[in-house]
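Letters A, B, ... mirror the listed sequences (proteins, then strands); counts begin at 1.
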Protein chains: 2
Amino acid sequence: MAGRRETRRIGIADVALKAGVSHATVSRVMNGNTSVDPVIAARVRAAATELKYKPNPMGRSLALGKSDTIGIVVPDLSNPTFQAILRGLSVAAARDGYRVLIADSSEVSSEEAILAGEARRRCDGVVLCAPRMSDAELEELAPSLYPLVLINRTTASVPTPSLVVDYGQGIQELGAHLVGLGHRRLLYLTGPEASASNVQRLAGLRQFTADFPGVELQILPGGNTFDAGFEATDAVQASGATGILVFNDLAAMGLLNGLSARGIRVPEDISVTGFDDMPFARYTMPPLTTAAVPIASLGDLAWRRMRDLIMNNDAESPTDYFAPQMEVRGSTGPVRA
Amino acid sequence: MAGRRETRRIGIADVALKAGVSHATVSRVMNGNTSVDPVIAARVRAAATELKYKPNPMGRSLALGKSDTIGIVVPDLSNPTFQAILRGLSVAAARDGYRVLIADSSEVSSEEAILAGEARRRCDGVVLCAPRMSDAELEELAPSLYPLVLINRTTASVPTPSLVVDYGQGIQELGAHLVGLGHRRLLYLTGPEASASNVQRLAGLRQFTADFPGVELQILPGGNTFDAGFEATDAVQASGATGILVFNDLAAMGLLNGLSARGIRVPEDISVTGFDDMPFARYTMPPLTTAAVPIASLGDLAWRRMRDLIMNNDAESPTDYFAPQMEVRGSTGPVRA
DNA sequence: CTGAAAGCGCTAACAT
DNA sequence: ATGTTAGCGCTTTCAG
């Protein structure tokens with residue numbers, strides 16, 4: 001029925017024919033490496049532009065053994081954190097002429113390894129965000145993925161760059177901020193148990209209680225959603241704590257709403273902190289005190305590390321620690337006299 | 001210095017050697033197309049698994065003329081709308097064994113065409129979100145991009161599927177909702193002038209005023225940011241309108257904050273609507289009445305259309321209209337008596 | 001049913 | 001400086 005507009009793709013051979021030279025010469029002028037007679041070069045270029053010739057990346061990739069593409073595997077593309085990393089990575093890589101291929105493991109840990117391997121075969125390197133994968137599995141997988149950049153993970157099996165956010169330090173800063181405001185009865189509303197970043201916050205808080213022996217710190221199971229924060233309202237109120245450290249901004253917003261619904265004033269009666277500094281954290285009522293994770297620059301740095309690995313393939317393999325930046329806003333204030 | 005762990009990639013030849021057969025036979029087993037003696041097949045498979053052989057996608061792509069990859073070009077990866085489309089597309093494509101390559105044009109219209117062309121050469125098809133590109137340019141570009149799926153654009157130059165969100169209808173529904181609540185003095189707080197979706201909303205509102213001759217509709221320049229909404233507060237108040245249609249949720253939230261700061265109650269004094277139904281729209285105070293754009297299913301459908309194009313390459317080329325779904329919440333109420 | 005050989009489009013040694 | 005030739009790793013006729 002419908003007539004196909006099969007505009008047969010034109011290849012290097014067509015240009016060669018039109019310019020009256022060999023494939024090799026066309027390749028040479030297209031890549032500008034070796035020297036070609038200027039007049040012939042011009043003739044080739046003319047033929048190329050006239051035919052709108054563009055080299056076929058597949059042929060190129062096969063011959064060169066590289067694809068100018070890097071892969072990123074993320075656990076969940078709907079998570080703003082990974083979206084920001086992806087964007088930072090993509091923009092930075094594009095500046096150097098690289099593209100990015102995405103693989104979403106949908107939080108399934110078994111998929112993470114498979115997708116990473118597949119991505120690596122199609123790409124020149126892999127940026128891996130695999131929070132669910134076990135250390136053992138990562139250790140086994142890592143060598144086959146080189147060049148590899150890890151996000152929020154490290155591995156000993158192979159020297160490879162890691163970018164890790166120091167959640168433990170961030171929560172300690174927030175805690176210290178509350179103590180500085182006179183709070184002595186604190187409460188941490190946890191995230192998901194399995195979450196590695198929750199574990200890091202807990203470790204940070206152990207250090208925190210050691211540093212501030214006079215401060216009471218309760219721990220209450222929470223979650224990472226708005227609703228989880230909202231539902232914890234009663235338990236928070238019952239705890240008697242005056243300073244609440246919430247796992248993340250989303251849950252903190254839920255708690256804020258719950259407290260407001262019960263007529264508890266923030267920060268007059270209770271101070272609340274979040275974590276992440278989501279775009280909306282500054283627009284809650286009151287605006288949320290939180291810790292900002294510089295996720296966009298994380299993606300950017302991920303590319304720089306990857307590029308070092310690819311270009312001078314003898315790069316160092318540092319671990320970069322990202323210190324969250326505390327943002328003090330209206331949801332924290334002096335403890336009630 | 002650092003010892004390279006050059007684990008030479010193993011290819012089809014290694015498997016052939018190990019199994020004592022030819023490359024061709026290995027290829028046959030791996031693809032399961034043609035019939036191979038069961039015992040030989042088993043031997044090949046054994047060799048393959050033992051060597052952990054995985055076919056090299058580049059070789060495959062070159063031979064087959066396909067990459068099992070589709071490209072998506074977006075104007076801005078930090079825009080939640082495109083993130084959601086990307087995710088929907090990626091997940092859907094993955095189910096069929098396809099990957100997605102991303103290209104972020106950073107809102108630069110001239111980049112859109114180049115990136116799309118490049119993506120097309122590396123991929124089996126392109127999903128194009130190019131709001132900035134002129135119709136003429138799109139028309140010229142489209143044929144070379146086939147298989148192509150357009151988002152929020154259509155073109156006449158070639159029959160190709162389009163997915164368009166009907167912003168005009170959404171804003172009309174919201175307007176009718178306000179009229180139903182008794183409002184007779186409405187105001188539309190616009191988005192960016194250049195935005196195609198703003199133009200569509202304006203067109204929808206022209207229809208709206210034609211349908212409701214007794215209703216007054218003012219139009220005020222706004223923007224698509226929280227701050228733009230906030231800054232419009234005074235002008236909104238001065239307008240005397242009781243029902244405010246805001247370009248999007250973000251600006252609506254800004255307006256909500258501004259009104260609250262001036263002691264104007266919503267919805268008792270003024271009703272406010274947004275557009276998009278962002279995740280936080282339900283958590284504002286009061287929760288925001290808005291129109292939900294089913295963006296995730298948009299990505300999903302984009303893949304289905306693409307797949308139809310790729311598989312039965314004689315598919316139809318329909319235009320799918322997405323009708324926004326109104327979400328009535330607390331920010332709209334009866335006009336004050 | 002299987003192996004030999006051609007070819008996908010390109011780059012790079014090797015000749016000339 | 002340019003053409004010839006040999007791959008890159010795989011699929012697919014084409015013989016046998």
Open item on the list: Tell me the interatomic distance from B:D37, atom CG, to C:dG3, atom C1', rounded to whole angstroms.
Closed with: 14 Å

- [ ] Please tell me which of A:A24 and A:S35 maps to the more 5' nucleotide of DNA chain D, matching each residue to the nucleotide holding its nearest heavy atom.
- [x] A:S35

TODO: Specify the separation, in whole Å, of atom CG of B:L64 and atom P of C:dG7.
DONE: 17 Å

Task: Minimum-distance nucleotide (side-chain atoms of A:I40 versus D:dG7, C:dC8, D:dT2) - done: D:dT2

Open item on the list: Does C:dA12 have OP1 or OP2 under 4.0 Å away from a side-chain N or O of A:R28?
Closed with: no

Open item on the list: In whole Å, I'd like the distance from the NE2 atom of A:H23 to the C1' atom of C:dG9.
Closed with: 10 Å

Open item on the list: Can you confirm whether more than 12 heavy atoms, excluding those of B:E140, are under 6.0 Å from its CD atom?
Closed with: no

- [ ] Name the nucleic acid region contacted by B:G65, choosing base, sugar-phosphate or nothing; use a 4.0 angstrom heavy-atom cut-off, strictly under.
- [x] nothing

Open item on the list: Rounding to an integer number of Å, can you tell me how far B:D68 CG sits from D:dC10 P?
Closed with: 15 Å

TODO: Using whole Å, report how far CD1 of A:I12 lies from P of D:dG3.
DONE: 12 Å

Open item on the list: Under 4.0 Å, counting only non-hydrogen atoms across every strand here, what does A:T25 touch: a base, just sugar-phosphate, or nothing?
Closed with: sugar-phosphate

Open item on the list: As a test of reading the structure: which of D:dC10, D:dG3, C:dC10 is closest to the side chain of A:V21, going by heavy atoms?
Closed with: D:dG3

Task: Nearest listed nucleotide, side chain of A:R60, among C:dT11, C:dG3, D:dT11 - done: C:dT11

Open item on the list: Output the rounded distance in Å from CG (A:L17) to P (D:dG3).
Closed with: 12 Å

Task: Atom-to-atom span, CE of B:M30 to C1' of D:dT12 - whole angstrom - done: 17 Å

TODO: Go through residues 45-58 of chain B and report each residue with a non-hydrogen atom lying under 4.0 Å from DNA chain D, sorted by number.
DONE: B:Y53, B:P55, B:N56

Task: Rounded distance (Å) that lies between atom C1' of D:dG9 and atom CG of B:L62 - done: 9 Å

Task: Basic-acidic side-chain contact under 4.0 Å: A:R304, A:D308 - done: no

- [ ] For the pair B:K18 and B:E50, find out whether any cationic side-chain nitrogen is under 4.0 Å from an anionic carboxylate oxygen.
- [x] yes

Task: Side-chain donor or acceptor of A:R122 paired with backbone N/O of B:P57 under 3.5 Å - done: no

Task: Note: B:R95-B:D300 ion pair, threshold 4.0 Å (strictly below) - done: yes

TODO: Please confirm whether the backbone N or O of B:E112 pairs with a side-chain atom of B:S105, one donor and one acceptor, at under 3.5 Å?
DONE: no

Open item on the list: For C:dG9, does the base pair up with any side-chain atom of A:R9 as donor and acceptor (N or O, under 3.5 Å, distance only)?
Closed with: no

Task: Pairing residues for B:S61 by the side-chain contact (heavy atoms from CB on, under 4.5 Å) criterion, not counting sequence neighbours - done: A:M58, B:S67

